[in-house]
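Notes for the one structure printed next.
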Amino acid sequence: MGILLAVLLSGIIPKPVSVAAHAAQYTVPASVVVSASSADERNVAQFAKQFLATRGVSVKIAASTSTAIRLSARAHDPSIRAEGYKLHVGRDGVRIVANSGAGLFYGLQTFEQLFTPGGNNAIQQVDISDAPSYPYRGIHLDVGRHFFPVSFVEKYIDLAARYKLNTFHWHLTEDQGWRIEIKKYPRLTTVASCRNGTMIEHDFKSNDHVRYCGYYTQAQIREVVAYAKKRYVNIVPEIEMPGHSVEVLAAYPQLACKPGNYQVFTIWGVSDDIVCPSERTVAFYEDVLTEVMGLFPGPYIHTGGDEAPKTVWKKSPLVKNLMRKYHLANEDAVQGWFDTRIESFLRAHGRRMIGWDEILGGNVSRSAIVMSWRGLSGGIIAATRGNDVIMSPDPTLYLDHAQGDDAYEPLNIGGLTTLRDVYDFDPGIDALTPNQAKHILGAQANLWSEYIATTQLAEYDLLPRMLALSE
Ligand code: ACM
């Protein structure tokens, strides 16, 4: 392989499973027809058209199959694994075949990466076959600590899709702000979506005292869901419970274990004030989740579960009653009871619950999916007991950590996660048996936004580490 060819083909991210490069090149003509007939094919053809327009190529989309660029999402080819594709670039043109819209879309991403930025439209003749190693390939964004506009959320999804990540975990609620319109509970947006200041240093004292608000309307959420669907990205919405919920108490103090004047948090960290596991609270979250399920069609709903201090629950007569009534040994088991209530509700509506690994503390049911963030151990325990797992370990996949020498980094939450750390991460765990390993659905990197107040900082932290994740 010539040096130029090696450079071009090593530039495909993530690296395809198999690449056979041929000596000759193929030049995409100035005007081409792209064949597409099914809805998926036409959808992907539109992306091909947009891309080729940036290369000065004019595209017509037609059902005919004797065209320069042929797309098929209906290959029925058993040698192509889920979300996989085969890309052929030859003398006769370009052919991308897949068994699904997602596979075809990924084939197009690879095709686009064959072009040299700014160069001519001569690309290497190749045969590539490719498929992802894991069905869950996620990237997360915390919009609670800082709110990001729809335009940026869409850009984020676009970037993820371009590198064949298929899941966007939208962390929508936090102590510092509730970010999703819920029609039945208007105070979530009039009260819980605003805070009276933001902590701007690590000292828990420096605060800008500037009112900070933001939320997505249901119409905006629908727009983002449709945007993601076109790019074969599933959105996992996260509604945190029972911890990280003081903003809910600011709006609906009757959900607390004790009366109080609760305020949306203006500092970072974990609030002791969490919702009470009462019937009223369960009903509240069931109502919220009903609206959430109406907005997000995907199979998974994330319900948090992390960092829920039991300080208040330990003093609560209601919690003591629950322990007696259901023979629960301690307050963590009460959280398990609460998580299981919510999990059963979601399951009854055809959805699967994802929770942070703390949900294992309360003997959550086998059908819940565990997102392992306190290292890998929660994921290993979960896979061993038969729960599906997403590996999302702190620090390796926490993109809010510095990515280099702190002397040159913007103010951040602390810690160090280098490009190399992310690149070297593999969610495959040697200690698991093959049957246990099947429970590892994949990996996800998280971008918590305490110290990420702008879209520029978010992009700075995301890139290039997201590409290493995709690899
Ligand atoms: C987490 O980082 N608290 C999930």
Side-chain angles (χ1 to χ4, degrees), residues 136 138-146 167-179 199 202 204 235-248 265 267-275 300-311 332 335-336 338-339 342-343 353-362 364 368-382 387-403 412-417 421-422 425 427 441-452 458 461-462 465-466 469:
Y136 186 109
I139 187 83
H140 150 292
L141 180 65
D142 167 14
V143 298
R145 275 57 176 261
H146 283 99
T167 307
F168 172 56
H169 173 169
W170 206 355
H171 184 80
L172 286 163
T173 73
E174 258 307 336
D175 292 311
Q176 295 86 0
W178 180 283
R179 306 285 177 225
M199 176 172 153
H202 284 286
F204 289 90
I235 302 186
V236 176
E238 180 180 356
I239 306 294
E240 273 266 16
M241 63 192 86
H244 289 286
S245 59
V246 73
E247 89 289 15
V248 171
F265 234 28
I267 55 170
W268 310 133
V270 173
S271 172
D272 276 343
D273 290 317
I274 71 172
V275 292
Y300 308 131
I301 306 283
H302 201 305
T303 57
D306 61 318
E307 298 179 320
K310 303 300 177 325
T311 324
D332 286 337
Q335 181 177 337
F338 177 85
D339 291 341
I342 298 295
E343 200 260 342
M353 183 179 103
I354 303 180
W356 300 109
D357 58 63
E358 282 92 335
I359 64 172
L360 285 167
V364 75
I369 300 170
V370 173
M371 192 170 265
S372 188
W373 75 277
R374 294 176 299 178
L376 301 172
S377 54
I380 293 170
I381 293 166
N387 286 85
D388 285 344
V389 172
I390 296 151
M391 289 297 195
S392 190
D394 181 8
T396 316
L397 297 185
Y398 268 45
L399 305 188
D400 52 339
H401 296 312
Q403 49 193 316
N412 59 72
I413 196 133
L416 176 67
T417 296
D421 293 335
V422 180
F425 178 73
L441 302 181
Q444 174 178 295
N446 297 333
L447 190 55
W448 301 100
S449 62
E450 283 93 336
Y451 295 94
I452 302 174
D461 275 337
L462 185 71
R465 289 180 294 184
M466 187 195 77
L469 168 75

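Atoms within a ligand are numbered from 1 in the order they appear, just like the ligands themselves. FYI, side chains are in, hydrogens and waters are out, and symmetry mates aren't considered; it's all heavy atoms of this structure.
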So, is Y398 polar-close to ligand 1, with some N/O to N/O distance under 3.5 Å?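 Checking ligand 1 against Y398, an N or O pair does fall under 3.5 Å apart.
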
Compute the shortest N/O to N/O distance between W373 and ligand 1 and return yes if it is under 3.5 Å, no if not.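 The answer is no, given that W373 and ligand 1 share no N or O pair closer than 3.5 Å.
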
Does [X] reach the side chain of [Y], with side-chain heavy atoms less than 4.5 Å apart?
X: D306; Y: W373; value: yes
X: L469; Y: L397; value: yes
X: Y451; Y: D400; value: no

Considering the heavy atoms of [X], write down every atom of ligand 1 situated less than 4.0 Å from one of them.
X: W448; value: 1 (C), 2 (O), 4 (C)
X: E307; value: 3 (N)
X: D306; value: 1 (C), 3 (N), 4 (C)

How are the rings of W448 and Y398 set to each other: parallel, tilted or perpendicular (split at 30° and 60°)?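 Tilted: the ring planes of W448 and Y398 meet at 30° to 60°.
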
What is the ring orientation for W356 with H302, classed by angle as parallel under 30°, tilted 30 to 60°, or perpendicular over 60°?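 If you compare the ring of W356 with that of H302, the planes turn out tilted.
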
